[in-house]
Structure formats: C-alpha cells, structure tokens
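Sequence lines set the chain letters: A, B, ... in the order given, protein chains first and strands last, and positions in each chain run from 1. As the structure is a prediction and not an experimental result, all values here were calculated from the model.
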There are 2 protein chains.
Amino acid sequence: MTASPGSASPARYDEIDPRVEALVQDLIAQVADKWTMILIEVLHDHGEQRFTRIAQKVPDISQKMLTQTLRRMERNGLVCRTVHPVVPPRVDYRLTALGESLGEAFCGVWEWAQAHLDTVETARQGFDGRKADA
Amino acid sequence: MTASPGSASPARYDEIDPRVEALVQDLIAQVADKWTMILIEVLHDHGEQRFTRIAQKVPDISQKMLTQTLRRMERNGLVCRTVHPVVPPRVDYRLTALGESLGEAFCGVWEWAQAHLDTVETARQGFDGRKADA
DNA sequence: CTGGATCCCAACCGATACTG
DNA sequence: CAGTATCGGTTGGGATCCAG
C-alpha cells in the first residue's frame with residue numbers, strides 16, 4: 001500500500017486522483033493480459049462457445065489458465081457463463097456488451113502494434129547494433 | 001515455440017497470419033506492461049526528464065525496474081536517451097514520436113477502464129455475492 | 001548521479017491427478 | 001465435460017551493494 005493518508009502527495013504521475021489512478025491501473029492489470037485479449041478475440045469472432053471449443057481454438061493455453069482467465073473475465077463482467085444442467089456437463093461462454101466494448105478499446109493498441117511492427121524492429125536492430133560495436 | 005511446421009492449422013485465433021499474430025502479441029507483451037504505461041504518461045506530461053526526476057514522480061517503482069523499463073523502451077524506440085558527458089553523470093529521457101503514438105493508442109484502454117470502473121465493480125460484487133450464498 | 005550485479009522472495013504458469 | 005487441487009519450474013521484481 002502506498003496509501004499516505006492525509007499527507008499531500010506533491011506531484012503524482014498525473015493530475016489525476018491517486019485513488020482512481022490506482023483503481024484504473026488495477027483494472028487494466030486484470031484486463032490487459034495476453035490471454036484475456038486472445039479470449040476476447042475468440043469470443044468476439046465466433047460468438048458463444050463451450051469450454052472445450054475455446055480450448056481447441058487456443059491450443060497454447062493450458063486448461064488451468066483458460067479456467068482462470070474465464071473466471072476473472074466473468075467476475076469483471078466481461079463474459080457471461082451459462083451452465084446447462086445436463087448429464088455431460090456443458091458450459092457456454094459469451095462476451096457481454098462490456099466485453100465487446102473492451103475489445104474495441106484494445107483495437108487501438110492492437111493496430112498500433114501491427115502498424116509499427118517494422119519500425120520497432122528497426123529500432124531494436126539499431127539499438128542492438130549500437131551495443132555490439134565495442 | 002508453437003510452430004507446427006507444415007501442418008495446416010485449421011482455425012487460428014483469427015484469420016490472421018499466425019507469424020504476424022505472434023510478433024504482435026510479443027510486441028504488445030513488451031509494451032503493454034504496467035511500468036511502461038506509467039512512464040509513457042509521465043514523459044508525455046512532463047517532457048524530457050532525467051533519471052532521478054522520473055524516479056521521484058513514480059515513488060513505487062524500484063530503481064531496478066525503472067532502469068529495466070527505460071532500457072526496453074529505448075530498445076523498442078519508444079524513448080530517446082541522451083547522455084551528457086558531465087562529471088556528475090546526467091541522462092535525459094524523452095518520448096519519441098513512436099512513444100507518443102503508443103500513448104495515444106493506450107488512451108482507449110485507459111478511458112475504457114475509467115469509464116467502466118463502477119460497472120466492473122458492480123459485476124464483481126454480484127459475482128462475489130453469488131459465490132457467497134451457499 | 002546513473003545504473004550494473006547480486007541475492008532472494010513471491011507470483012505466475014504448466015503438468016498432472018483427482019472429483020462431480 | 002468441466003472443473004479443482006497440488007507440485008515444481010520459471011520469471012518478475014524488490015533490496016542492497018558496488019562501480020564509473
């Protein structure tokens with residue numbers, strides 16, 4: 001906790017209320033991770049899916065991470081989880097409106113990354129080259 | 001590596017080229033972390049800053065993380081590092097155009113988080129409450 | 001003042017095994 | 001089928017000390 005109670009924090013990262021700042025950062029941390037972004041994409045593209053189907057679409061994710069990520073997304077209101085009370089259990093996951101809106105917000109970063117892939121690559125080579133020439 | 005050589009990957013996360021996909025995700029992973037976002041904000045708001053000044057603005061960051069993050073940002077072409085050859089060393093960091101553009105891309109996510117803070121909070125309480133009622 | 005090197009702990013994540 | 005529980009390896013990140 002960096003909570004300095006009544007003491008006037010001189011200059012925070014911004015002019016923003018530090019408490020809101022912390023909340024926002026926490027939220028971003030929970031929501032901006034690799035698997036969350038991927039799952040949003042999958043659910044956006046293919047609509048409601050059951051657990052195993054999602055796992056098939058994202059072969060590199062472990063079942064643990066899939067469960068964990070879906071749970072957190074559900075808790076944050078990003079996905080809606082529907083349990084069908086049938087004998088072989090069946091659970092469907094669907095993106096909520098909130099989840100969809102987050103997906104759109106991510107588009108900016110995603111597009112930035114795509115657009116500047118080579119620029120970054122050039123920068124990296126320049127940097128690495130500079131370090132190499134002893 | 002998830003490189004399945006020649007085997008036809010049936011349906012990837014999207015219709016996107018998996019190689020590009022991987023690169024983009026790697027880039028996002030390097031660039032979308034907590035400290036990078038904060039440092040972009042600080043440098044955007046206050047312009048060119050020297051090492052210690054930045055550390056002061058972000059009290060919760062360790063000196064190790066600050067150096068590490070700045071280095072990676074420099075390598076990725078997000079910041080420009082200027083070393084002044086004076087007797088007490090002085091190093092200035094400034095956001096590049098690329099860094100600025102990334103900051104703008106982040107705005108979307110940032111604004112989403114701010115806008116939906118309470119929505120998410122409500123969702124969380126609903127979720128937690130549902131789990132509690134045994 | 002800047003930042004590299006080291007130690008060490010905690011959180012993350014994958015693999016496996018077990019339950020309803 | 002859809003999870004939970006547990007163990008172990010890997011990484012992230014803080015504290016401290018040291019060098020240029």
Q: Sequence neighbours excluded, which residues qualify as side chain to side chain donor-acceptor pair (under 3.5 Å) partners of Gln30(A)?
A: Asn76(A)
Q: Taking side chain to side chain donor-acceptor pair (under 3.5 Å) as the definition, give me every residue that meets it alongside Arg71(A), ordered by chain and number, with sequence neighbours left out.
A: none
Q: Is Arg71(B) close enough to dG4(C) that one of its side-chain N or O atoms is under 4.0 Å from OP1 or OP2 there?
A: yes
Q: Measure CG/Leu66(A) against P/dG3(D) and give the value in whole Å, please.
A: 8 Å
Q: For DNA chain C, which residues in residues 81-95 of chain A have a heavy atom at a distance below 4.0 Å?
A: Pro89(A)
Q: Do Gln63(B) and dG14(D) share a donor-acceptor pair, side chain to base, under 3.5 Å?
A: no
Q: For the pair Asp45(B) and Lys57(B), evaluate salt bridge (charged side-chain N to carboxylate O under 4.0 Å, His left out) and give the outcome as yes or no after the intermediate values.
A: CA-CA 11 Å; Asp45(B) 289 345; Lys57(B) 303 256 183 201; over 6 Å; no
Q: Verify salt bridge (charged side-chain N to carboxylate O under 4.0 Å, His left out) between Asp92(B) and Arg94(B), making sure each step is shown before the conclusion.
A: CA-CA 7 Å; Asp92(B) 286 329; Arg94(B) 181 175 47 82; over 6 Å; no
Q: Could you pull out the closest heavy-atom pair between Thr69(A) and Trp35(A), with the gap in Å?
A: OG1-CB, 3.7 Å
Q: Does Thr96(A) reach the main-chain N or O of Cys80(A) with its side chain, forming a donor-acceptor pair under 3.5 Å?
A: no
Q: Which nucleotide sits closest to the side chain of Arg50(A): dC1(D), dG3(C), dG3(D)?
A: dC1(D)
Q: Measure all distances between protein nitrogen or oxygen atoms and nitrogen or oxygen atoms of nucleotides 11-15 of chain C, and list the pairs falling under 3.5 Å.
A:
unit_1	atom_1	unit_2	atom_2	d
dG14(C)	OP2	Ser62(A)	OG	2.9
dG14(C)	O6	Lys64(A)	NZ	2.3

Q: Under the salt bridge (Lys or Arg N to Asp or Glu O under 4.0 Å) rule, collect the residues that match up with Arg81(B), sequence neighbours excluded.
A: none
Q: Under the side chain to side chain donor-acceptor pair (under 3.5 Å) test, which residues partner Glu121(B), sequence neighbours left out?
A: Gln125(B)
